[in-house]
Amino acid sequence: MWYWMEPSACPTARPPQPCSPPLQDSETEKRRGLWTENIMSDSLVVCEVDPELKEKLRKFRFRKETDNAAIIMKVDKDRQMVVLEEELQNISPEELKLELPERQPRFVVYSYKLQARTADDVCGE
């Protein structure tokens with residue numbers, strides 16, 4: 001992905017700002033150094049996802065049940081891996097909120113049954 005970088009007197013004054021590139025010949029601008037390539041660092045550490053959790057998420061995505069359900073995941077710092085913490089069935093959003101730790105980050109996948117409201121529901125008849 002390429003980002004447009006405004007030319008400035010000091011190229012280290014600010015990082016490249018992503019914005020819409022001008023409608024000009026991009027090859028010429030690349031040669032002039034006005035384009036910079038967005039390259040991810042090799043030293044970036046990204047957590048893996050536990051293979052068992054991947055399978056559980058796949059099954060959760062295509063599940064047939066219509067009740068509310070959630071999967072709570074956390075990062076295992078020692079293994080540098082996202083792992084399953086808890087799987088919950090028949091849980092409301094309010095109950096799910098109470099299940100989450102207050103000061104520890106978690107990932108949540110939540111499935112719920114969407115019930116369409118009728119005009120009678122809205123009008124109270």
Side-chain angles (χ1 to χ4, degrees):
M1 175 173 273
W2 293 91
Y3 289 108
W4 172 253
M5 182 171 65
E6 302 264 339
S8 66
C10 178
T12 59
R14 65 174 195 236
Q17 300 298 314
C19 63
S20 298
L23 299 174
Q24 295 178 7
D25 178 25
S26 61
E27 290 303 317
T28 302
E29 290 167 350
K30 286 178 195 175
R31 283 194 300 274
R32 283 193 277 161
L34 300 177
W35 287 87
T36 177
E37 190 172 0
N38 182 17
I39 301 172
M40 293 189 74
S41 169
D42 290 336
S43 64
L44 179 66
V45 177
V46 179
C47 290
E48 296 290 325
V49 177
D50 184 17
E52 291 176 13
L53 176 59
K54 282 183 186 180
E55 181 61 24
K56 194 168 283 283
L57 288 169
R58 189 189 65 73
K59 287 179 181 176
F60 186 81
R61 178 179 179 198
F62 296 109
R63 71 192 200 102
K64 304 288 186 220
E65 297 86 1
T66 59
D67 62 331
N68 297 348
I71 291 180
I72 301 175
M73 300 162 280
K74 67 179 182 178
V75 175
D76 181 342
K77 292 180 186 176
D78 297 334
R79 297 188 319 175
Q80 296 232 331
M81 187 174 287
V82 179
V83 296
L84 175 69
E85 180 178 54
E86 194 172 359
E87 192 170 1
L88 304 165
Q89 300 291 328
N90 294 320
I91 188 164
S92 71
E94 293 80 21
E95 293 169 329
L96 178 58
K97 180 181 173 185
L98 296 174
E99 290 290 325
L100 297 173
E102 200 170 300
R103 302 210 188 284
Q104 297 171 347
R106 295 292 184 265
F107 299 100
V108 176
V109 178
Y110 188 68
S111 175
Y112 62 96
K113 182 177 180 180
L114 179 62
Q115 295 177 337
R117 296 179 67 186
T118 65
D120 292 339
D121 294 338
V122 175
C123 297
E125 295 179 20

Looking only at heavy atoms, what is the nearest atom pair of Leu88 and Glu99, with distance? CD1-CG, 4.0 Å

Minimal non-hydrogen separation, Ser111 against Phe60, with atom names: CB-CZ, 3.6 Å

NZ/NE/NH1/NH2 to OD/OE distance under 4.0 Å, Arg58 and Glu55: yes

Check the pair Met73, Leu57 against side-chain contact (heavy atoms from CB on, under 4.5 Å), reporting the backbone distance first and the verdict last. CA-CA 10 Å; Met73 300 162 280; Leu57 288 169; 4.1 Å; yes

In this structure, are over 12 heavy atoms from other groups packed under 6.0 Å from Gln89 atom CD? yes

Is it possible for you to say whether Tyr112 and Ile91 belong to one hydrophobic cluster, with membership spreading through side-chain heavy-atom contacts below 4.5 Å? yes

Give the minimum heavy-atom separation between Arg106 and Leu100, together with the two atoms involved. CB-CD2, 4.2 Å

Count the heavy atoms belonging to other residues, nucleotides or ligands that lie under 6.0 Å from CD of Glu48, then report whether that count exceeds 12. no

Whether the side chain of Asn90 engages the backbone of Asp67 through a donor-acceptor N/O pair (distance < 3.5 Å, no angle test) should be reported. no

Matching residue for Arg79 among Val82, Val83, Val75 - test: side chain to side chain contact (heavy atoms under 4.5 Å, CB included): Val83

Would Ile72 end up clustered with Leu84 when hydrophobic side chains under 4.5 Å apart are linked, directly or stepwise? no

If you group Ile, Leu, Val, Met, Phe, Trp and Tyr by side-chain heavy-atom gaps below 4.5 Å, do Tyr110 and Leu114 land in one group? yes

Under 3.5 Å, is there a donor-acceptor pair between the side chain of Glu95 and the main chain of Ser92? yes

Nearest 0.5 Å please: distance from the NZ atom of Lys74 over to the CG atom of Leu53. 12.5 Å

Rounded to the nearest 0.5 Å, the CE atom of Met81 sits from the CG atom of Asp76 at a distance of 8.0 Å

Determine whether Lys56 and Ile71 satisfy the following criterion, side-chain contact (heavy atoms from CB on, under 4.5 Å), listing intermediate values before the conclusion. CA-CA 9 Å; Lys56 194 168 283 283; Ile71 291 180; 4.2 Å; yes

